Every structure is written in C-alpha cells, then in structure tokens.
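Beneath this line is the structure, given in structure tokens, with notes to follow.
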Amino acid sequence: MKVTIIGAGNVGATCADVISYRGIASEVVLLDIKEGFAEGKALDIMQCATNTGFNTKVTGVTNDYSRTAGSDVVVITSGIPRKPGMTREELIGINAGIVKTVAENVLKHSPNTIIVVVSNPMDTMTYLALKSTGLPKNKIIGMGGALDSSRFRTYLSLALNKPANDISAMVIGGHGDTTMIPLTRLASYNGIPVSQFLSEEQLNKVAADTMVGGATLTGLLGTSAWYAPGASVAFLVDSILNDQKKMIACSVFVEGEYGQNDICIGVPCIIGKNGVEEILSIELNDAEKALFSKSADAVRQMNDALKSILV
Ligand SMILES: NC(=O)c1ccc[n+]([C@@H]2O[C@H](COP(=O)([O-])OP(=O)(O)OC[C@H]3O[C@@H](n4cnc5c(N)ncnc54)[C@H](O)[C@@H]3O)[C@@H](O)[C@H]2O)c1
Ligand SMILES: O=C(O)C[C@H](O)C(=O)O
C-alpha cells in the first residue's frame with residue numbers, strides 16, 4: 001500500500017515516521033516544494049529502519065507529482081502553521097491556494113485515492129479539497145477530531161490520574177478553538193461515566209483545556225504541534241489502509257446529518273478501506289445540539305470566505 005504525504009514539515013515528516021515505524025504502509029512518498037527537504041527527511045527516516053525494525057520504503061521528492069502516482073491515500077499537510085496568538089482561521093489566505101493546487105495535482109496522478117486533509121483551517125480546507133477535486137464525499141476526510149479526542153482523553157487522564165487508554169471520549173464539531181465540542185457527558189473510564197469521578201467544575205476545565213489544546217502548544221513551542229497531529233493522521237491512515245472500521249471523529253461532508261448541509265465538520269465516522277463508510281448518528285441533548293449548530297455556522301462562514309480568496 002502506498003501513502004503520499006504532501007508537505008514534509010513538522011506534521012508531514014512525523015506522520016511519515018509513525019507510518020513507517022508502525023509498518024502501516026509498504027511505501028511512503030514525502031513531497032515538498034523546498035528543494036531537497038523531503039529527500040532529506042525521507043533519508044533520515046529510512047536510516048531508522050535497522051534500529052527500529054521496519055521495512056517501509058520512504059522516498060522524498062521535490063514537487064515531482066509523477067512519483068506520487070497510484071497512491072492509495074494522500075495526506076495534505078502543506079501550508080503554513082499558526083504562530084502564538086493567531087487562530088487557525090487566519091491561515092486561510094495562504095493555505096487555501098496551496099491546498100487547492102496540491103489537491104488538483106494529486107488527483108492527476110492518483111485518481112482513485114482517498115485524501116486526508118490536515119492543513120488549517122482544516123474544516124474549510126477539507127471542503128475546498130472536496131469541491132476542487134470533485135471526488136466523492138467518502139474519499140475526502142479532514143483530520144481534526146482524532147487529535148482533539150486524543151487531547152480530550154489526555155486531559156481526562158490527567159484529571160483522573162488514570163491511563164489515557166482506559167478512557168473513551170470524543171470531540172465533534174469544528175476544529176477551532178471555539179468550535180470544538182468535547183462530549184463530556186458521554187466520556188467514560190472503562191465504561192463508567194467520568195462524572196462519577198470528576199466534579200462539574202473539573203469537567204468544564206478539561207473541556208476548556210481541550211478546546212485550546214492546539215493554542216496552548218503553539219504558545220509553548222512557538223509554532224503548532226506535530227507529534228500528536230502526526231500520530232493522529234497515522235492512526236486514521238491505518239484505519240483506511242487496513243480496513244479497521246474504527247469509529248473516528250472526522251471532518252466530512254454532511255448532507256442532512258446532525259441537521260447540517262453543504263459543509264465539512266467533525267462527526268463520528270466509521271473509517272475503512274472505502275474512506276468514510278458511515279456517519280454515525282448519535283443522540284445529542286439540547287445543549288449539545290445548540291453547540292453543534294453554532295459550530296456549523298462558524299464553519300460555514302469560514303467556507304464563505306473562500307469565495308473572495310479564490311477569485
Ligand atoms: N488538522 C490538524 O489537526 C492539524 C494539526 C497540526 C497542524 N495542522 C496544520 O498542518 C499544516 C502544516 O503544519 P506543520 O507544522 O507541518 O508546518 P511546517 O511549516 O512544518 O510544514 C509545512 C510544509 O509544507 C510545505 N509546503 C508549503 N507549500 C507547499 C506546496 N505548495 N507543496 C508542497 N509542500 C508545500 C513547506 O515547505 C513545509 O515544509 C499547517 O497548516 C497546520 O496548521 C493541522
Ligand atoms: O493548533 C494548531 O494550529 C495546529 C493544529 O490544528 C492543532 O490542533 O494542533
């Protein structure tokens with residue numbers, strides 16, 4: 001199985017590293033516009049093989065899309081990351097042009113591929129990739145919910161002082177500081193509602209920390225995060241390539257689900273070899289429904305901005 005990753009920066013290279021290390025794909029191609037950069041990252045990753053014991057072939061190329069031909073999955077991480085104090089939405093002006101061009105180039109060489117969009121503002125970039133490639137909606141998946149849910153589980157694990165892998169929890173809605181919806185009511189520790197162990201105040205703090213999880217890391221690092229984002233993309237790619245049918249919150253095109261139309265937004269999906277195989281309909285309470293509707297309005301407004309940017 002072949003995976004191409006466009007953008008060999010922090011997230012792209014980490015994703016290539018995790019995919020190789022875990023043997024998720026037999027071949028990974030890293031592509032970047034910076035001369036020699038993807039080649040260097042690929043070689044560095046390949047030189048881990050004998051010490052960590054993997055057999056994935058990793059190749060780096062400078063803007064040569066012919067080398068991406070026949071990819072089963074293409075991950076788009078190209079574009080600029082935010083700096084401290086910025087929102088993801090502020091990246092739209094530069095990243096929209098990059099994502100559109102990249103998605104069109106990808107499709108010329110891999111017409112049957114599944115595209116995973118990572119570049120921010122991710123929900124809008126996913127919508128843009130869908131509209132500019134014309135691929136069926138099951139083949140365009142925005143990665144955000146896997147990361148946000150992982151951060152939610154981490155903050156719950158810290159509050160509970162229990163392992164994150166014993167905690168089940170999900171974040172839906174947009175991948176933005178104010179649009180994410182951590183589903184605190186449904187979070188559990190080995191099947192037991194977390195509300196049996198944590199006060200409302202503690203749960204509210206966990207939810208608030210989750211929502212600004214990316215901003216907190218950007219403040220600490222000076223640029224946005226990459227280890228957890230790269231690992232989250234690899235987790236999603238694994239479910240596609242190995243047809244694991246995992247339930248992962250992903251940004252996908254909705255047509256009536258959760259009362260919304262014509263946007264890509266985070267909802268619980270079954271992810272397998274056909275990409276988005278099902279959107280699960282979960283019962284939200286009135287407060288969660290109101291948050292989802294507000295989140296969808298914000299995502300829709302950001303999509304509208306594409307019209308003036310891409311003229
Ligand atoms: N969806 C998420 O959960 C999530 C998580 C982390 C980062 N991100 C986003 O992912 C993007 C990348 O973040 P990063 O930290 O890896 O940034 P980075 O600057 O480290 O890497 C981006 C790479 O893209 C390359 N690039 C730019 N234009 C290109 C083009 N036209 N073709 C090919 N390559 C091109 C750059 O040369 C650079 O190497 C940012 O937009 C960031 O906000 C999203
Ligand atoms: O925070 C960012 O800007 C990058 C990414 O969306 C993240 O959540 O880590």
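Model, not experiment: these values are computed from the prediction. Order of listing sets the numbers, starting from 1, for every ligand and every atom in it.
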Report the part of Pro229 in contact with ligand 1, treating N, CA, C, O as backbone and CB onward as side chain, heavy atoms under 4.0 Å; options are side chain, backbone, both, neither.
side chain
Quick one: does Trp226 get a heavy atom under 4.0 Å from ligand 1?
no
Which residue and non-hydrogen atom of the protein lie closest to atom 15 (O) of ligand 1, and at what distance in Å?
Asn10 CB, 3.6 Å
Kindly say whether Leu135 contributes a backbone atom to a donor-acceptor pair with the side chain of Thr133 at under 3.5 angstrom?
yes
Between the CG atom in Leu241 and the CD atom in Gln244, the distance rounded to the nearest 0.5 Å is 9.0 Å
So, is Val118 polar-close to ligand 1, with some N/O to N/O distance under 3.5 Å?
yes
Would you check whether Leu31 has a nitrogen or oxygen atom less than 3.5 angstrom from a nitrogen or oxygen atom of ligand 1?
no
Considering His175, Met122, Lys100, which one's heavy-atom position lies nearest to atom 2 (C) of ligand 1?
His175
So if I count the atoms of ligand 2 from 1 in the order they appear, which ones are less than 4.0 Å from some heavy atom of Arg88?
1 (O), 2 (C), 3 (O), 5 (C), 6 (O), 7 (C), 8 (O)
Touching ligand 1 at all, Thr77? Heavy atoms, strictly under 4.0 Å?
yes
Report the nearest protein non-hydrogen atom to atom 25 (C) of ligand 1: residue, atom name, distance rounded to 0.1 Å.
Asp32 OD2, 3.3 Å
What protein heavy atom is closest to atom 6 (O) of ligand 2, reported as residue, atom name and distance in Å?
His175 NE2, 2.6 Å
How long is the straight-line distance from OG1 of Thr68 back to CD of Glu27, given to the nearest 0.5 Å?
10.5 Å
Taking heavy atoms and a distance under 4.0 Å, where does Asn95 meet ligand 1: side chain, backbone, both or neither?
side chain
Ring centroid separation Tyr21 to Phe54 under 6.0 Å:
no
State the atoms of ligand 1, each with its element, that fall below the 4.0 Å cut-off from a heavy-atom position in Ile6.
33 (C)
Taking only heavy atoms of Gly9 into account, list the atoms of ligand 1 that are under 4.0 Å away from them.
16 (O), 20 (O), 21 (O), 23 (C), 39 (O)
Non-neighbouring partners of Asp177 that pass salt bridge (Lys or Arg N to Asp or Glu O under 4.0 Å), sequence neighbours left out
Arg82, Arg88
Just to confirm my output: which protein heavy-atom neighbour is closest to atom 1 (O) of ligand 2, and how far is it?
Arg82 NH2, 2.8 Å
Would the distance check show the side chain of Thr179 and the main-chain N or O of Gly173 forming a donor-acceptor pair, the cut-off being under 3.5 Å?
no
Pull out every atom of ligand 2 sitting under 4.0 Å from any heavy atom of Leu147, numbered as shown with elements.
7 (C), 8 (O), 9 (O)
For atom 33 (C) of ligand 1, which of Ile33, Leu30, Ile76 has the closest heavy atom?
Ile33
Does any N or O atom in Asp148 lie less than 3.5 angstrom from one in ligand 2, N or O only?
no
Mind checking whether Thr101 contacts ligand 1 via backbone (N, CA, C, O), side chain (CB onward), both or neither, at a 4.0 Å heavy-atom cut-off?
neither
Which ligand 2 atoms, with their elements, are less than 4.0 angstrom from a heavy-atom of Ser224?
2 (C), 3 (O), 4 (C)
Distance col, row Ile265:CD1 vs Gln260:CD, nearest 0.5 angstrom, shows 6.5 Å
The side chain to side chain contact (heavy atoms under 4.5 Å, CB included) partners of Gln196 (sequence neighbours excluded) come to Ile192, Pro193
Return yes if some donor-acceptor pair links the side-chain N/O of Asp243 with the main-chain N/O of Lys273 below 3.5 Å, else return no.
yes
How far is atom 16 (O) of ligand 1 from the closest protein heavy atom, and which atom is that?
Val11 N, 2.9 Å
Please state which protein non-hydrogen atom is closest to atom 27 (C) of ligand 1 and give its distance, to 0.1 Å?
Gly79 N, 3.7 Å
Answer with side chain, backbone, both or neither: which part of Leu217 has a heavy atom less than 4.0 angstrom from an atom of ligand 2?
neither
Would you give the length of the straight line joining atom OG1 of Thr59 to atom CG of Asp64, rounded to the nearest 0.5 angstrom?
11.0 Å
Parallel, tilted or perpendicular, as decided by the 30° and 60° cut-offs, for the rings of Phe197 and Tyr189
perpendicular
Quick one, Asn10 with Tyr227, criterion side-chain hydrogen bond (donor to acceptor under 3.5 Å, both in side chains). Give me CA distance, side-chain angles, the key distance, then yes/no.
CA-CA 8 Å; Asn10 285 336; Tyr227 292 117; over 6 Å; no
So how far is it from Tyr65 OH to Leu31 CG, rounded to the nearest 0.5 Å?
5.0 Å
Is it true that a side-chain atom of Ser295 and a backbone atom of Gly174 form a donor plus acceptor pair closer than 3.5 Å?
yes
Please work out which of Val116, Asn105, Ile98 has its closest non-hydrogen atom nearest to atom 31 (N) of ligand 1.
Ile98
Could you list the atoms of ligand 1 found under 4.0 angstrom from a heavy atom of Ala225?
6 (C)
With backbone taken as N, CA, C and O and side chain as the heavy atoms from C-beta onward, which portion of Ser232 lies under 4.0 Å from ligand 1: side chain, backbone, both, or neither?
neither
Nearest protein heavy atom with distance in Å, relative to atom 7 (C) of ligand 2
Arg151 NH1, 3.4 Å
Near Lys57 NZ, under 6.0 Å, is it more than 12 heavy atoms from other residues, nucleotides or ligands?
no
Is ligand 1 under 4.0 Å from a heavy atom in the side chain of Asn120, in the backbone, in both, or in neither?
both
Considering both backbone and side-chain atoms of Leu147, is one of its nitrogen or oxygen atoms within less than 3.5 Å of a nitrogen or oxygen in ligand 1?
no
With distance as the sole test, does Asn95 use its side chain to make a donor-acceptor pair with the main-chain N or O of Ile80 at under 3.5 Å?
yes
Side chain, backbone, both or neither: which part of Thr223 has a heavy atom under 4.0 Å from ligand 1?
neither
Please write down residue, atom name and distance for the protein heavy atom closest to atom 40 (C) of ligand 1.
Ile80 O, 3.3 Å
Nearest heavy-atom contact between Ala225 and Val11 is O-CG2, 3.7 Å
What protein heavy atom sits nearest atom 17 (O) of ligand 1, and how far away is it?
Pro81 CG, 3.5 Å
Glu278 atom CD, over 12 foreign heavy atoms within 6.0 Å:
yes
